[in-house]
Protein chains: 2
Amino acid sequence: MLSIEQLKHLFPDWETGLYEAVLEHAELKEAYAGEILLKKGQNIKSAMLVVEGTIKLYQEDEDGGEYFMYHLNPGEACAVTLVCNYHHEQSQVLAKAITDIKFLAIPVTYMEKWLNEFKSWHYFVIKTYRSRYEELLKTIHEVAFKNMDERLEFYIKKQVDQFGVTVKLTHQEIANDLNTSREVISRLLKKMEHNGWIKMNRNAFDWIKKQN
Amino acid sequence: MLSIEQLKHLFPDWETGLYEAVLEHAELKEAYAGEILLKKGQNIKSAMLVVEGTIKLYQEDEDGGEYFMYHLNPGEACAVTLVCNYHHEQSQVLAKAITDIKFLAIPVTYMEKWLNEFKSWHYFVIKTYRSRYEELLKTIHEVAFKNMDERLEFYIKKQVDQFGVTVKLTHQEIANDLNTSREVISRLLKKMEHNGWIKMNRNAFDWIKKQN
DNA sequence: ATTAAATTGTGATATTTATCACACCACCCA
DNA sequence: TGGGTGGTGTGATAAATATCACAATTTAAT
């Protein structure tokens, strides 16, 4: 299990009692890069708080499509699984580990109990919802108003914020995340290369566009 | 102002003290159908709780585009304006009254105070975020995966749930809400008419598609 | 080293949506 | 009663994206 110091570092705004409750009742789980942690329609039995690594959240279509929404990093929680006061909730999203990860799984029963006991848990839940709500708004803005070239740029910038200027993704992976086809991404990346925005390599490229 | 009975009817899960606090510190405001209540980039100075009428929430583009996300009805709150713990927040959305409305405006300072004082306020905020978060997920699902014909059907169904089977909107208004052009909507509605899904009138049409 | 698999490049074509142009119709109202 | 005005219908065309086909290249595997 984690030490209380590690918890404090990840979740600095919590009360002492909450750290203790988490240590007592949450399970520390692990998953490998590439594992699917949650699928659309799956029942939610525990909340996920990221301890180590990165999770990607997707909207998932009935027939195989995916649309990338946002990353979850250590100290953040998956809003979808914070089903306080709701029972038998089904997941509306797809969650994938994209690095090896560790996360805390908190059974739904405690999530509700803690709402009554810990003010800092209450704040944490609200903060989580608010920040994810804002991410979704950005996603809608992109997909509703922008053409693929701009959406690709937005997508790459999110990658760069997460992992640095070298984007280690194949064209196919990017196409999947944006729910388009590999050819479209290849052609758009080629155009970006011509414009001097990226420097291409195999299985990766560098984002070198100057801002402004 | 409202009576405490009216408040109880709108917000049945609140504590007595919260009703009193709202009566004391919230302002009851009115607006006419068509008025814009909140614009993208505008500073948020108070939360909006709907008392009467219906508000439409949009994602707003820099150059005039709109994308309809969801309706807010009496007893519901605008998640964007519930900026507990956040200061100087700017609105990411556009909110329009589409009927004459009444709403309670709660200054940000009290929203934060009440988080400490009233458990039911805390729950209300979380519930609001959760339900709006789910609406946004549905919106992303439509716009990311569906073609315009399916998005139009989804849109019409939301209208029907709100106002009944007679949809009193011009093709232009629908086109604006879906960020497309009037011609596209006209042609798709014509197709729906041929399929026997709708019965067209001037400035309105009836949704008569049988489910399944 | 040679084959197999994965990745990328690119033309051709189809589909979807956007845009332009203009006709027609219903309704209001001076 | 005869224009306006706003709403709708529809063809032609352009632009964006999807799909298909296949070549070329790099990496991985035996």
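In this text the structure is predicted, and so the values were computed from the model without any measurement. So that the names make sense, note that chain A is the first sequence line, chain B the second, and so on, each numbered from 1. No hydrogens, no waters, no symmetry mates; every other heavy atom, side chains included, goes into these values.
The stretch residues 136-144 of chain A has no heavy atom under 4.0 Å from DNA chain C, so no residue of it qualifies as close.
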Report task. Applying side-chain hydrogen bond (donor to acceptor under 3.5 Å, both in side chains), run through A:Tyr67 and A:Asp61 and close with a yes or a no. Result -> CA-CA 8 Å; A:Tyr67 200 90; A:Asp61 194 23; over 6 Å; no

**Report entry** Stepwise side chain to side chain contact (heavy atoms under 4.5 Å, CB included) check, B:Thr99 with B:Ile101
**Finding:** CA-CA 6 Å; B:Thr99 65; B:Ile101 62 163; 3.7 Å; yes

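Between A:Trp14 and A:Phe11, the ring planes lie parallel to each other; the angle is under 30°, not in the 30° to 60° tilted range. Classified by interplanar angle (parallel below 30°, tilted 30° to 60°, perpendicular above 60°), the ring pair B:Phe68/B:Tyr58 is perpendicular.
Taking CD of B:Glu66 as the reference point, atom CD of B:Glu173 lies at 10.5 Å (rounded to 0.5 Å). Rounding to the nearest 0.5 angstrom, the gap separating the CE atom in B:Met148 from the CG atom in B:Leu178 is 6.0 Å. Here CZ of B:Phe154 is found 14.0 Å from CG of B:Asp149. Values are rounded to the nearest 0.5 Å. The distance from atom CD of B:Gln42 to atom CD of B:Gln90, rounded to the nearest 0.5 Å, is 9.5 Å.
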Write out a two-atom table: protein N or O, nucleotide N or O from nucleotides 5-10 of chain C, distance below 3.5 Å.
{"from": "C:dT7", "atom 1": "O4'", "to": "A:Arg202", "atom 2": "NH2", "distance (Å)": "3.1"}
{"from": "C:dT7", "atom 1": "O3'", "to": "A:Asn203", "atom 2": "OD1", "distance (Å)": "3.3"}
{"from": "C:dT7", "atom 1": "O2", "to": "A:Arg202", "atom 2": "NH2", "distance (Å)": "3.1"}
{"from": "C:dT8", "atom 1": "OP1", "to": "A:Asn203", "atom 2": "N", "distance (Å)": "3.1"}
{"from": "C:dT8", "atom 1": "OP2", "to": "A:His171", "atom 2": "N", "distance (Å)": "2.9"}
{"from": "C:dG9", "atom 1": "OP1", "to": "A:Lys190", "atom 2": "NZ", "distance (Å)": "3.3"}
{"from": "C:dG9", "atom 1": "N7", "to": "A:Arg182", "atom 2": "NH1", "distance (Å)": "2.9"}
{"from": "C:dG9", "atom 1": "O6", "to": "A:Arg182", "atom 2": "NH2", "distance (Å)": "2.8"}

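When DNA chain D is scanned 5' to 3' for any atom under 4.0 Å from a heavy atom of chain A, the first and last hits are D:dA16 to D:dT27.
In this structure a side-chain-to-backbone donor-acceptor pair under 3.5 Å is present from A:Trp121 to A:Met111. A donor-acceptor pair is defined here as one N or O able to donate and one able to accept, closer than 3.5 Å; no such pair exists between the side chain of B:Tyr129 and the backbone of A:Arg130.
Rounded to whole angstrom, the span from the CZ atom of A:Phe145 across to the P atom of C:dT17 amounts to 17 Å. The nearest whole Å value for the distance from the CE atom in B:Met148 to the P atom in C:dT15 is 19 Å.
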